Amino acid sequence: MDEHGERLSTLDLVGRGEFTVVTGLAGGAWVSAAEELSLRAVRIGDAGVRDAYGDWRRVSDLDEAGCLLVRPDGHVAWRSVSDVPSGHVGVLRDVLNRVLHRKFPPS
């Protein structure tokens, strides 16, 4: 739900011509990594994207600290079911390199 209480689809949160990292409330490290790489980031459960019915974890099949990397066309390019011990920026950069078949520029 958005800040106005309207129900949103995850498709409403991604795309827009950009790669988007989507994570749960415990995914702060993924959000920071996305920001460092100039990617959009959405944390399900934050004030602007509430999960009023607790559906996110159930339908995504991810831990609260897991994440999705969603392509600009809305398709999931990669997922991490749970958090990684460290190196979130490096992990996202490596994934982007594989998805894009090129070297993603360092930050």
Side-chain angles (χ1 to χ4, degrees):
M1 294 188 150
D2 68 6
E3 62 272 6
H4 306 293
E6 293 184 37
R7 197 162 184 174
L8 297 173
S9 162
T10 51
L11 293 175
D12 296 324
L13 304 173
V14 300
R16 302 179 191 168
E18 300 178 74
F19 279 90
T20 306
V21 170
V22 182
T23 188
L25 279 175
W30 290 118
V31 172
S32 296
E35 290 169 351
E36 190 168 326
L37 294 172
S38 300
L39 301 173
R40 288 184 69 239
V42 174
R43 189 159 44 180
I44 306 296
D46 274 350
V49 189
R50 292 188 344 233
D51 184 16
Y53 303 108
D55 291 335
W56 165 249
R57 187 155 191 254
R58 184 180 49 78
V59 298
S60 70
D61 201 28
L62 301 177
D63 292 347
E64 282 293 322
C67 83
L68 301 175
L69 176 65
V70 182
R71 298 183 331 203
D73 62 2
H75 290 272
V76 174
W78 175 82
R79 60 184 278 172
S80 177
V81 175
S82 58
D83 203 4
V84 295
S86 64
H88 295 77
V89 173
V91 170
L92 275 182
R93 185 178 288 118
D94 289 345
V95 168
L96 284 164
N97 287 336
R98 283 185 277 145
V99 168
L100 297 171
H101 301 287
R102 65 178 175 84
K103 286 290 187 189
F104 191 79
S107 52

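This structure is a prediction, so every number in the text was calculated from the model and none was measured.
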- Task: For residues 77-88, pull every pair meeting side-chain hydrogen bond (donor to acceptor under 3.5 Å, both in side chains), keeping only residues two or more places apart or in separate chains.
- Result: Asp83-His88
- Message: Would a single hydrophobic cluster contain both Leu62 and Val31, if residues Ile, Leu, Val, Met, Phe, Trp and Tyr are joined by side-chain heavy-atom contacts under 4.5 Å?
- Response: no
- Quick one: pull up CG in Leu37 and CG in Leu96 and give me the separation to the nearest 0.5 Å. 6.5 Å
- Message: On a heavy-atom basis, which atom in Ala41 and which in Ala34 lie closest, and how many Å separate them?
- Response: CB-CB, 3.9 Å
- Query: Can you find a pair of side-chain heavy atoms, one from Val22 and one from Ile44, that are under 4.5 Å apart?
  - Reply: yes
- Query: Going hydrophobic residue to hydrophobic residue with side-chain gaps under 4.5 angstrom, can you get from Val21 over to Val91?
  - Reply: yes
- Message: Working to the nearest 0.5 angstrom, can you tell me the gap between Thr20 OG1 and Leu68 CG?
- Response: 10.5 Å
- Just how far is it from atom CG of Leu69 to atom CG of Leu92, taken to the nearest 0.5 Å? 6.5 Å
- Sub-3.5 Å donor-acceptor pair from the side chain of Glu64 to the main-chain atoms of Leu25, do we have one? yes
- Item | His75: side chain to side chain contact (heavy atoms under 4.5 Å, CB included) partners, not counting sequence neighbours | Arg71, Asp73
- Item | Pairwise side-chain contact, Leu39 with Trp30, heavy-atom cut-off 4.5 Å (strictly under) | no
